[in-house]
2 protein chains.
Amino acid sequence: MSLAYPLSNHRRQRPAGVLTDALERLGTRMTYDRNEEIYAQDDEVQLLFQVVRGVVRTSRVTSDGRRQVGDFYYPGDLFGLEPGPLHRFGAEALADCEVLVVRRGAVRAFAGDVELDRAILAATNQEMERLQDHVVMLGRRSARERVGAFLMAVAQRQSGACNLPMGRQDMADYLGLTIETVSRMLTQLQGEAIVEFPSTRSFQIRKPMVLEELAA
Amino acid sequence: MSLAYPLSNHRRQRPAGVLTDALERLGTRMTYDRNEEIYAQDDEVQLLFQVVRGVVRTSRVTSDGRRQVGDFYYPGDLFGLEPGPLHRFGAEALADCEVLVVRRGAVRAFAGDVELDRAILAATNQEMERLQDHVVMLGRRSARERVGAFLMAVAQRQSGACNLPMGRQDMADYLGLTIETVSRMLTQLQGEAIVEFPSTRSFQIRKPMVLEELAA
DNA sequence: CGAGGGATTGATACGTCTCAAAGCATGTGG
DNA sequence: CCACATGCTTTGAGACGTATCAATCCCTCG
């Protein structure tokens with residue numbers, strides 16, 4: 001079950017399944033309900049996580065209540081890797097989900113395991129790439145382009161009809177827009193028959209070339 | 001000569017001077033003229049850099065010519081660390097500057113050197129923090145807030161009168177704004193006596209509390 | 001003194017946000 | 001099985017913030 005990173009590109013792949021074995025031995029499985037917090041913003045970084053089932057979102061809320069979503073994580077993805085001692089973004093379950101939780105100490109004790117080291121390095125690098133792309137997107141692209149790129153990214157690894165695991169508000173907070181603007185752009189893209197929404201949570205790309213162009 | 005990271009915060013410190021010794025032995029010094037390219041976007045990552053004198057900027061230009069500045073690097077800062085095999089941002093000298101250039105191979109051969117490893121890790125983590133902050137700034141803050149935060153960050157490690165090593169266009173491209181908007185915000189902040197510009201390249205903070213509030 | 005590049009200012013257009021209402025799903029209890 | 005309540009999404013009208021285009025200003029340097 002290989003779902004896509006938002007804004008993923010060709011370079012972006014998840015660590016191989018072999019990793020799961022190592023983590024599985026080290027960690028414990030936890031389940032979270034929809035919107036349940038997995039860790040809070042400003043919590044100490046003590047654990048490493050891997051999505052088993054469902055989707056996880058990271059987000060940061062500013063002192064005056066504005067929210068920025070950092071990213072969405074799908075089955076197989078590692079998350080909770082952060083540069084400092086504190087989580088600068090919190091993590092919440094988007095939908096009910098299952099997560100493998102590993103103590104950092106256990107990971108360190110296991111250091112030297114080539115696969116695991118490599119997987120963590122790869123995940124960190126991915127994280128950084130994503131952030132770089134995110135900066136360019138938020139700094140220099142229009143609402144239409146952001147929404148187009150987002151759909152493109154979600155579709156990247158799904159064939160045919162795509163599922164949208166997150167609601168409009170989450171898309172908006174990821175894209176640095178309001179929910180209304182996201183909605184309008186979706187309607188607009190659908191009006192131009194670039195993309196089609198059979199329901200609010202699923203879509204299909206109708207004009208890949210046009211969308212590609214938009215997302216470029 | 002300790003200048004600040006834009007958007008830097010308390011956690012953000014440069015690797016200690018001892019590092020310079022290790023790199024100094026491994027690398028060679030290069031000088032670059034104002035606006036000279038140090039490496040290009042999409043170049044292979046083969047070298048590691050440290051600013052010795054002057055200021056360096058990284059930037060990415062999209063296919064249709066829009067530019068996003070990634071960050072500014074000051075003396076002591078390591079740059080050129082990237083998540084993948086290619087530079088996703090190019091690097092240019094902001095003003096004439098001197099840079100220590102080290103082949104990656106040399107760094108790897110030197111691996112195990114505790115100071116060096118630690119410095120590279122620290123620089124990578126810093127990079128990621130910066131990116132996270134940048135995302136929130138671009139996603140959720142107004143022009144006024146962005147400009148305020150920028151000045152705050154530049155001032156962070158300078159006392160009294162602050163120097164602005166970059167021009168308005170660079171500020172704009174870093175903040176995801178146009179040059180005119182940056183200019184207007186600066187005029188506005190100066191009009192409110194929050195900050196004062198004796199010349200276009202230097203300023204002094206007059207109401208730190210207000211600016212702090214704005215940048216929060 | 002004049003030329004050139006950056007910075008500022010002004011007028012206006014445009015894009016996105018805000019506020020408000022209506023539409024549409026989903027789930028619950030009668 | 002329907003009626004309704006709830007939360008999410010869409011749509012609309014208008015306000016606001018930032019971009020655009022153009023002119024002027026200012027400083028530096030020749």
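- Of the residues in residues 185-194 of chain A, those placing a heavy atom less than 4.0 Å from an atom of DNA chain D are Thr187(A), in numerical order.
- Annotation: salt bridge (Lys or Arg N to Asp or Glu O under 4.0 Å) contacts of Arg103(A) (sequence neighbours excluded): none.
- At whole-Å resolution of the value, CZ in Phe203(A) and C1' in dT9(D) are 17 Å apart.
- Between the CE atom of Met171(A) and the C1' atom of dT10(D) there is a distance of 14 Å, rounded to whole Å.
- In this view, Arg206(A) and Glu196(A) satisfy the salt bridge (Lys or Arg N to Asp or Glu O under 4.0 Å) rule, not counting sequence neighbours.
- Salt-bridge annotation for Arg140(A) and Asp173(B): present, with a side-chain N of the basic residue lying under 4.0 Å from a carboxylate O of the acidic one.
- Across all strands, Ser199(A) comes closer than 4.0 Å to no nucleic acid atom at all (heavy-atom distances).
- Between the CZ atom of Arg168(B) and the C1' atom of dT18(D) there is a distance of 18 Å, given to the nearest Å.
- Looking at Arg53(B) and Asp96(B), no side-chain N of the basic residue comes within less than 4.0 Å of a carboxylate O on the acidic one, giving no salt bridge.
- For DNA chain C, the contact window with chain A, defined by any atom under 4.0 Å from a protein heavy atom, covers dT16(C) to dC19(C) in 5' to 3' order.
- The CZ atom of Arg201(B) sits 18 Å away from the P atom of dC26(D) (whole-angstrom rounding).
- Using a 30° and 60° split on the angle between ring planes, Tyr174(A) and Phe72(A) fall in the tilted class, from 30° to 60°.
- The CZ-P distance, from Phe197(B) to dC27(D), rounds to 15 Å in whole Å.
- Leu177(A) has its CG atom 17 Å from the P atom of dG17(D), to the nearest Å.
- Along DNA chain C, the nucleotide closest to Thr181(A) and the one closest to Thr181(B) are compared, and the more 5′ of them pairs with Thr181(B).
- Heavy-atom distances to DNA chain C give each of Arg141(A) and Val182(B) a nearest nucleotide, and the one nearer the 5′ end belongs to Val182(B).
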Dump the intermediate steps for side-chain contact (heavy atoms from CB on, under 4.5 Å) on Phe203(B) and Leu164(B), then the final yes or no. CA-CA 8 Å; Phe203(B) 68 99; Leu164(B) 217 46; 3.8 Å; yes

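- For Val136(A), the side-chain contact (heavy atoms from CB on, under 4.5 Å) test picks out Arg60(B), Thr62(B), Gln68(B), Phe89(B), with sequence neighbours left out.
- For Leu164(A) and dT10(D), the CG to P distance is 10 Å, given to the nearest whole Å.
- The existence of a salt bridge linking Asp64(A) and Arg66(A) is confirmed by a sub-4.0 Å separation between a basic side-chain nitrogen and an acidic carboxylate oxygen.
- For Thr124(B), the side-chain contact (heavy atoms from CB on, under 4.5 Å) partners two or more places apart in sequence, or in a different chain, are Met128(A), Leu81(B), Ile120(B).
- A donor-acceptor contact under 3.5 Å is formed by the side chain of Arg184(A) with the base of dG12(D).
- Judged by atom type and distance alone, Glu180(B) reaches the base of dC21(D) through a side-chain donor-acceptor pair under 3.5 Å.
- Atom CD in Gln169(B) sits about 11 Å away from atom P in dA19(D), given to the nearest Å.
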